Amino acid sequence: MKTPTAPPPATPPAERNFFQDVHEVVRLIPPGRVSTYGAIAHYLGARQGSRAVGYALNAANIDAVTLRREAPVPAHRVINRLGQLTGRHHFPTPTAMQERLEAEGVRVEDDTVVEFEKLFWDPAKELE
DNA sequence: AACGTGACCCTAG
DNA sequence: ACTAGGGCCACGT
């Protein structure tokens, strides 16, 4: 008995797919509203995982294009906490994000959502 | 397997 | 008030 016992609790407590969960929440964002990476991350229980949210959205966009999913993720409604369209460069065209937002009635000036705080859609408060 | 990168956010000095 | 640094999550090489 060299090793008396070594039961490694190799059991991931929560194996929920993070980026898929992100897609779910982002899809719930109604048109004309915007949310933030931090809010979504916080709602998912990982307020420090904001970066992963952006990564998930990037994957979502690629998925939507590659797999042509029926329910594409409206990534254009997700911005940073400052209301800036930080991810505009990752869209097909640099202005696609702004165009889509304006098409929904969201005014964008200088790559920043106007009255972003009023249009802010917090899943933790809307969905609760 | 380890390092580095990225559509971020928060805390400290 | 501003600047600097660290931290967490996931993925690619």
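What you are looking at is a predicted structure, and each value in this text was computed from that prediction instead of being measured.
Considering every non-hydrogen atom in both Glu104(A) and Arg77(A), the closest pair reads OE2-NH2, 2.8 Å. Shortest non-hydrogen contact noted between Phe116(A) and Ile79(A) is CD1-CD1, 3.6 Å.
Of the P atoms belonging to dC3(B) and dG7(C), the separation is 16 Å, rounded to the nearest Å. Comparing the same atom, P, in dG6(C) and in dG4(B) gives a spacing of 14 Å after rounding to whole Å.
Here the side chain of Thr36(A) pairs a donor or acceptor atom with the backbone of Ala39(A) at under 3.5 angstrom. Side-chain N or O atoms of Asp63(A) include none that pairs as donor or acceptor with a backbone N or O of Leu67(A) at under 3.5 Å.
Atom CG of Leu57(A) is separated from atom C1' of dC8(B) by 12 Å (rounded to the nearest Å). The nearest whole Å value for the distance from the CG atom in Asn17(A) to the C1' atom in dC9(C) is 13 Å. Nucleotide dC10(B) holds its P atom 14 Å from the OH atom of Tyr37(A), rounded to whole Å. Distance Leu101(A) CG to dA7(B) P: 18 Å, rounded to the nearest Å. In this structure, Phe18(A) places its CZ atom 14 Å from C1' of dG6(B), rounding to the nearest Å. Rounded to whole angstrom, the span from the CZ atom of Arg100(A) across to the P atom of dA7(B) amounts to 19 Å. In this entry the distance linking CZ of Arg81(A) with C1' of dC9(B) reads 7 Å, nearest Å. Taking atom CG on Leu44(A) and atom P on dC9(B), their separation rounds to 14 Å, with Å as the unit.
Ala75(A) comes within 4.0 angstrom of a nucleotide base, judged by non-hydrogen atoms across all strands. Contact annotation for Asn58(A): base contact, defined as any heavy-atom pair under 4.0 Å involving a base atom.
Annotation for Gln20(A): atom CD does not count as buried by contact number, only 12 or fewer foreign heavy atoms lying within 6.0 Å.
For the OP1/OP2 pair of dA7(B) and a distance below 4.0 Å, the side-chain nitrogens and oxygens of Ser50(A) include no atom meeting the criterion.
Within 3.5 Å, a donor on the side chain of Arg51(A) pairs with an acceptor on the base of dC8(C), or the reverse.
Distance from the side chain of Tyr55(A) is smallest to dG12(C) among dC9(C), dG12(C), dA7(B).
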